[in-house]
Structure formats: C-alpha cells, structure tokens
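What follows is one structure encoded as structure tokens, with my remarks underneath.
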Protein chains: 2
Amino acid sequence: MKDNNDMPGHLARRFQQIAVAVFLAEVGDAGFDLTPVQYAALATIKANPGLDQVTLAGLIAYDRTTITGVIDRLVQKGLAERRASSRDRRARELEITDEGRRTLRKITPAVESAQRIMLRGLSAKEGEDLMRLLHKAIAAGNELSRAPLREVQA
Amino acid sequence: MKDNNDMPGHLARRFQQIAVAVFLAEVGDAGFDLTPVQYAALATIKANPGLDQVTLAGLIAYDRTTITGVIDRLVQKGLAERRASSRDRRARELEITDEGRRTLRKITPAVESAQRIMLRGLSAKEGEDLMRLLHKAIAAGNELSRAPLREVQA
DNA sequence: GGATATTGCTCAGTATGCTGACTATCAGTA
DNA sequence: TACTGATAGTCAGCATACTGAGCAATATCC
C-alpha cells in the first residue's frame, strides 16, 4: 500500500502546517499577534487601497465567506477599516490604518525570516525550484477550488 | 514590495487548498463522503491495527486534539472502532471495521485520481521533483510544528 | 511505597476554509 | 418601468488545526 507520505496531498498539508507554525512563531517572537492569513490580507489592502472584499478575496484566493471574519479581526485590532462604498451600496471599501501600516513595516523582518526557515532544509536552488513547481501546479489547478486567484481587471 | 504569491508560505496554503478541493471532488463524485484527513487516518488505522490515538496522530502528523474529532467522525460513520486498551487504561485502541475496509478499497481509485489531478500542470519528472523537495523541506521542519511526524518505535 | 513527573485523552476557545442559503443591491433587458 | 439575473456581503453549520487547561492513569525516582 502506498504510504500517505508519498501522496502530494498529504505533503501539501504537512508543508502548510509547518509554514503556519513557523510564521506564527517568528511573528509572535517579534511581539505581534497576526496570522499568515491576516498578514496577506493586510498587505494586499495596503497595496490596493479602497478595494472591496470580493476583489481582496480574489487577489489572495480566499473564499468570500472566509474573508468576512478575517477583516472583522483586522478591524477589531485597529489595523484596517471597512466602510460603505459610495459607488455600490452592496460593497465595502477597505483601507489600511496608520497602525496597520506601522505593524506591516515592523513585522516584515519576522515574515521574511519565517519564509527562510520554512525552506531551511533546501539549498537556494532547491528553494527556487520548489517555488517554481508549486507555482506551476497551482496555476494549473487554480479553477479547482471554490476560491480561485483572480487578477485585478484594469 | 514582495508579492504574496512569491512567498513559500502563501504557495503552501494555496497548494493545500487546491489539493483538498480536488480530493473532495473526486471522492464525492465516486459517491463517498470522506475528507483527506479522515482518509489518511483510516488508511493508517488499517495498516496499524490496534494502535492508540497518540501513535496514530504521530504517524500522520496530526495534533492530538485534532485526532479526537477525526476519530469521532470515523466511528460515527461506522468505519472505525475505538475501544479501551487492556494494557493502558488511558489509551484507546483503534480498529478499522469491515465497512471501513470496504470503503477504503472502493475509494482508492478516486484518491489516486485526485493525486494525479493536483499535479496535472506538471510533467512526471516535475511531479517527482516537487514531491522530493516537499519531502526534504518537511523533514527539515518536522519539529517546528506542534504535531510533528513520529515513527513507530519497534 | 509514596511523591513526582509524564502520558493519553478530552474539552473550551479561537481561526481558517468550506457549503449552502439568504438579503440587499445592481445591471441588463423586454 | 418591471422582470430577470448576477453580484457583494453575511450567516449558520461543519471540519480541520491550534493553545492551553484539566483529568485519569502510568512511570519514575527517592
């Protein structure tokens, strides 16, 4: 019988599990309380001021029902703001706060350190290969999850 | 600013997200209601009859608090049994049921199909490379998560 | 043998992720 | 303008994962 550990799905789960643990440890040691998911959302809000929740979800491939709670927590921590859109009364425009900007800036070294640690078993070339292969597999499977990645339309 | 999509942590999350979606779709189409996590647990119980929950958790790198619920659901579906150990009254010995065995056998094609689909963007060699690199990164990071992989001691 | 430490398991609480349903709103069309 | 369909967001419910705490039982050490 094939070992679980030889299945890509199982390896995916395990790598993700380690990645999250490393991220939380590094960021926690730096004195911040922010999850990988919250970090990605906050960084994307900063890079795309005023975007709505669906667009944000598409940019980081989160489900729209997941993003609601993530933003709730960012708002609750004072890192982001959610306000009604004037163009479309269904939509909420998202903005990063000064506090959010400060947090992002100060947290960056820990985030970068985490990315290095989760690849620490690999050489530089192997790390690049892994990222390239993951990218390729993800691109091919993008439409297979309920929350595919969506580019911003011009 | 570095794009989220260039961070190994983000790629890990996305690949895992797709892997789970593909698994559920293939297994669901085959007429079964089993998650990737439940499948791995059930297959590991079958391969190691009578093992206790902590050992099971170690073999598939699940947290001990997570495994409780997973087993609850396997038992509830009639696929596994949990009974008190005679050697150690704290421990629960796990066994697969006939129904569980039948399910595992019938579900295998769908599981294998899912593994192929999640790598469909890659050539055979690229797929092997990805698995090898994931393996290596995971081995180096094994102790960094709360739920590391543990071999069975002889 | 008895105190102490460790271990197996469970539980409460929190954070992703998903399915499916629902409301409010907008867009296109007859 | 009224109808229809699509879209933005939320909610309830379920399944991982984790933190931290606790209980019961076993192991270890003096």
Side-chain angles (χ1 to χ4, degrees), chain A residues 9-10 12-14 16-25 28 33-41 51-58 60-77 82-94 144-148 150, chain B residues 9-10 12-14 16-25 27-28 33-41 51-58 60-74 76-77 82-94 144-148 150:
Chain A
H10 196 261
R13 177 190 153 281
R14 187 80 185 98
Q16 149 79 353
Q17 181 183 39
I18 291 169
V20 171
V22 169
F23 185 101
L24 291 177
D33 172 32
L34 208 65
T35 66
V37 159
Q38 289 164 16
Y39 169 81
L51 86 174
D52 63 297
Q53 295 188 190
V54 167
T55 304
L56 171 60
I60 48 187
Y62 290 8
D63 193 273
R64 71 183 190 285
T65 63
T66 301
I67 210 88
T68 298
V70 174
I71 296 171
D72 282 350
R73 286 178 281 278
L74 288 176
V75 169
Q76 209 254 317
K77 290 175 183 175
R82 184 199 249 140
R83 63 171 105 76
S85 165
S86 47
R87 300 176 279 88
D88 184 338
R89 278 190 297 165
R90 292 170 302 179
R92 313 302 174 86
E93 288 176 357
L94 305 173
L144 301 178
S145 77
R146 166 160 143 164
R150 297 286 180 221
Chain B
H10 196 262
R13 177 192 154 279
R14 187 80 185 97
Q16 149 78 352
Q17 180 184 39
I18 291 169
V20 171
V22 168
F23 185 101
L24 291 177
V27 166
D33 172 32
L34 208 65
T35 66
V37 159
Q38 290 164 15
Y39 169 80
L51 84 175
D52 64 297
Q53 296 188 190
V54 166
T55 304
L56 172 58
I60 47 186
Y62 291 8
D63 193 274
R64 71 183 186 286
T65 63
T66 301
I67 211 89
T68 299
V70 174
I71 297 171
D72 282 350
R73 285 178 282 280
L74 288 177
Q76 209 254 317
K77 289 175 183 177
R82 183 198 252 140
R83 63 170 105 74
S85 165
S86 47
R87 300 176 277 89
D88 185 338
R89 278 189 298 166
R90 291 168 303 180
R92 312 303 174 86
E93 288 177 357
L94 305 172
L144 301 178
S145 77
R146 165 160 144 164
R150 298 284 179 224

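Keep in mind it's a predicted model, so treat the numbers as computed, not measured. Throughout, protein chains are lettered first and strands after them, A, B, ... in sequence-line order, and every chain is numbered starting at 1.
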Inset, instruction - When you get a sec, tell me which of dA6(D), dG20(D), dT10(D) is the closest nucleotide to the side chain of Thr68(A)? - result: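 The nucleotide sitting nearest to the side chain is dT10(D).
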Could you give the [atom1]-to-[atom2] distance, from [X] to [N], as a whole number of Å?
{"X": "Gln38(A)", "N": "dT14(C)", "atom1": "CD", "atom2": "C1'", "result": "11 Å"}
{"X": "Ile71(A)", "N": "dA15(C)", "atom1": "CD1", "atom2": "C1'", "result": "15 Å"}
{"X": "Leu24(B)", "N": "dG20(C)", "atom1": "CG", "atom2": "C1'", "result": "15 Å"}
{"X": "Asp63(B)", "N": "dA15(C)", "atom1": "CG", "atom2": "P", "result": "17 Å"}
{"X": "Leu56(A)", "N": "dT16(C)", "atom1": "CG", "atom2": "P", "result": "13 Å"}
{"X": "Ile67(B)", "N": "dA17(D)", "atom1": "CD1", "atom2": "C1'", "result": "11 Å"}
{"X": "Gln76(A)", "N": "dT14(C)", "atom1": "CD", "atom2": "C1'", "result": "12 Å"}
{"X": "Asp33(B)", "N": "dT19(C)", "atom1": "CG", "atom2": "P", "result": "13 Å"}

Looking at side-chain heavy atoms only, is the closest gap between [X] and [Y] below 4.5 Å?
{"X": "Arg82(A)", "Y": "Thr68(A)", "result": "yes"}
{"X": "Pro36(A)", "Y": "Leu24(A)", "result": "yes"}
{"X": "Leu34(B)", "Y": "Leu74(B)", "result": "yes"}
{"X": "Val54(B)", "Y": "Arg150(B)", "result": "no"}
{"X": "Arg14(B)", "Y": "Pro148(A)", "result": "yes"}

Legend entry - Residue whose closest nucleotide on DNA chain C lies nearer the 5' end, Ser86(A) versus Arg73(A):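 So the residue in question is Arg73(A).
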Legend entry - First encountered from the 5' end of DNA chain C, between Lys77(A) and Val54(B):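 Closer to the 5' end of DNA chain C: Val54(B).
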Legend entry - Side-chain donor/acceptor contact of Arg89(A) with base of dT25(C) under 3.5 Å: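 Result: no qualifying N/O pair found.
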At 4.0 Å (heavy atoms only), tell me whether [X] reaches a base, stays on the sugar-phosphate, or touches nothing.
{"X": "Arg92(B)", "value": "sugar-phosphate"}
{"X": "Ala147(B)", "value": "sugar-phosphate"}
{"X": "Arg146(B)", "value": "base"}
{"X": "Asp88(A)", "value": "sugar-phosphate"}

Hey, is the side chain of [X] poking within less than 4.0 Å of OP1 or OP2 on [N], counting only N and O atoms?
{"X": "Arg82(B)", "N": "dT10(C)", "value": "yes"}
{"X": "Arg87(A)", "N": "dT25(C)", "value": "no"}
{"X": "Arg13(B)", "N": "dG17(C)", "value": "yes"}
{"X": "Gln16(A)", "N": "dG17(C)", "value": "yes"}
{"X": "Gln17(A)", "N": "dT16(D)", "value": "no"}
{"X": "Thr35(A)", "N": "dT16(C)", "value": "yes"}
{"X": "Gln53(B)", "N": "dT10(C)", "value": "yes"}

Inset, instruction - Select from Thr65(A) and Ser145(B) the residue whose nearest nucleotide in DNA chain D is closer to the 5' end of that strand. - result: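 Upstream on the strand: Thr65(A).
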Inset, instruction - For Arg64(A) and for Ala21(A), locate the closest nucleotide of DNA chain D by heavy-atom distance; then report the residue assigned to the nucleotide nearer the 5' terminus. - result: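 This one resolves to Arg64(A).
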Inset, instruction - Verify the distance criterion only: is there a donor paired with an acceptor across the side chains of Asp88(A) and Ser85(A) at less than 3.5 Å? - result: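 Result is no, nothing qualifies.
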